[in-house]
Amino acid sequence: MKKSTISIDKHFIVGDIDKRIYGSFIEHLGRAVYEGIYQPGSPFADEQGMRKDVIKLIRKLNVPIVRYPGGNFTSGYHWEDGVGPKNERPEKLDLAWSVIETNQFGLNEFMDWSKKANTSTMMAVNLGTRGVEDAKNIVEYCNVKGGSYYSELRKKHGYEQPHDIKLWCLGNEMDGPWQMGHKKASEYGRLAAESGRIMKMVDPSIELVACGSSFLDMDTFGTWEDTVLSECYDEADYLSLHQYYGNRDNNTAEFLANTVAMDRFISSVISICDAVKAKKRKSKSIQLSFDEWNVWYHSNEQDQKLERWCKVPHQLEDIYNFEDALLVGGMMITMLRHADRVKVACLAQLVNVIAPIMTSDTGAWMQTIFYPFALISNYGRGTVLNTIVETPVYESKHGGAPYLDSVCVMNEENETLTIFAVNKDLVDSMEITCDLRQFKDYRMKEHIVLTHSDLKAVNTEEHPENVAPIIIENERIEGGIMQMVLCEKSFHVIRLGK
Ligand code: AHR
């Protein structure tokens, strides 16, 4: 059995967790909107066509913010097509995903849906095929009370009160050659600065996310961030990061070691943000918005076979297995360890499209990745502590990968201490020793484990709990020292409190 120690000191603090780190994402893509959150005529739909069974599951995930309407879709989108009388809305080509967009669901429906799902909105503007003017107009439509063309148009559409959207993305993945209206870093940086300046003239209370790199291995990574921020440092509040992983070589140890790469990605982006801050002699720090992250690869081959210009195809419908759930848990732990700078993050995506929730005509069900997300989102509220973790490492292409990924969250108000951990060892269990002497009278409230004998085990509509958490008891707390065993290949939530 391997051994690890976690040293916890309540005075060593990384930072308070911004709840928006538990955000997610709905794009007009595949069956995310249509047949996902919206399906008029379904026995599960409410009077507006919103799927109540899906909303119920989203509420379990406790998602405080959802990014919309894309993704790549944003870069060709005309938001005006999706507002006003439904019978007057045009059907259009969506060049991002080679499908027909019917526009029967748009901005106002999304805002109604958000209220029902108990979430707020992170809205993306099109800086691909459009620009400053459109960015100005959509903020006016959403956030101005009245007395101007677009705010009055919103009222005419039945929305008397402004939507008051606080967080906006300045385009999507503008570094990517696949993106409609793809730009050089300097071109995008200027456009982001001017769009952002004018959006903030309309509503100074909004916050803006500038596009960082689409993933760490982009050739332009680094210089992109530096150049973009050099242009729009004053207007931007956040810089985005996107990253998806896949186990294409069927090497689980390497797959799980991607948390090392993710950690390095975050640290590198922080360094670049701070280098630009220093060069510009600014006091403001740019925060990080990891607004697309997940596992994405299972559906790639299938998606190559899709016919162009159909409506609502099954697209990006990854069926997740147990090892994916382990990595999702590890990715969340990695972001939490940077809670001082990662303020927003969006699991991409939420329903049907690379998603924790799937729908069919007979119901909605939970994929394996649903569980680590729900557990961390629900129990990971408070302050991240800077723990010292001593654990064995294994060699991976990203360098030494710790067998134990963990983070510790203290919530002084609720008098709780929660440890999230992944034992990446595929064969050996791990004995954990943890000094709790500063947390007098704390006892074990619950030890939740997600594990399975088969790394490739999946959930299905018929068996949505094939891979699901269980509660165990195997800890010993004596003289403030806690000892417990984490079985091989497992995700843990260790909840302590008074
Ligand atoms: O989430 C799927 C796609 O991945 C998004 O549209 C895009 O931004 C990213 O490349």
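Remember, it's 1-based here, ligands and their atoms both numbered in the order they're listed. Note that these values count all heavy atoms, side chains included, but never hydrogens, waters or copies made by symmetry. Predicted model, so just to flag it, every value in this text is computed and none were measured.
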For ligand 1, which part of Phe215 has a heavy atom less than 4.0 Å away: the side chain, the backbone, both, or neither?
neither

Going by an N to O cut-off under 4.0 Å, is there a salt bridge joining Glu207 and Arg20?
yes

Compute the minimum heavy-atom distance from Phe73 to ligand 1 and say whether it is under 4.0 Å.
no

Taking both backbone and side-chain atoms of Trp178, is any N or O found less than 3.5 Å from an N or O belonging to ligand 1?
no

Phe73 versus Glu27, closest heavy-atom pair with distance
N-OE2, 2.9 Å

Regarding ligand 1, does Asn72 bring an N or O atom to under 3.5 Å of one of the ligand's N or O atoms?
yes

Is there a donor-acceptor pair closer than 3.5 Å between any side-chain N or O of Trp79 and the backbone N or O of Asn137?
no

Checking a contact table here: which protein heavy atom is nearest atom 8 (O) of ligand 1, and how many Å away?
Glu292 OE2, 2.6 Å

Atoms of ligand 1 less than 4.0 Å from Phe25 heavy atoms?
1 (O)

Which atoms of ligand 1 have any heavy atom of Tyr244 under 4.0 Å away?
1 (O), 2 (C), 4 (O)

Test your reading of the model: is there a side-chain donor-acceptor pair from Tyr159 to the backbone of Met111, 3.5 Å cut-off?
no

Could you tell me whether Arg89 and Glu109 make a salt bridge, using a distance below 4.0 angstrom between a side-chain N and a carboxylate O?
yes

One thing to verify: whether Asp226 and Lys279 come together as a salt bridge, which I'm taking to mean a side-chain N less than 4.0 angstrom from a carboxylate O.
yes

Val353, portion touching ligand 1 at heavy-atom distance under 4.0 Å
neither

Are any of the N or O atoms of Gln349 closer than 3.5 Å to those of ligand 1?
yes

Residues in salt bridge (Lys or Arg N to Asp or Glu O under 4.0 Å) with Lys136, at least two apart?
Glu133

Atoms of ligand 1 close to Glu27 [distance to a heavy atom under 4.0 angstrom, numbered from 1]
5 (C), 6 (O)

Quick one: does Glu173 get an N or O within less than 3.5 Å of an N or O on ligand 1?
yes

Checking salt bridge (charged side-chain N to carboxylate O under 4.0 Å, His left out) against Asp234, which of Lys282, Lys200, Lys284 comes through?
Lys282

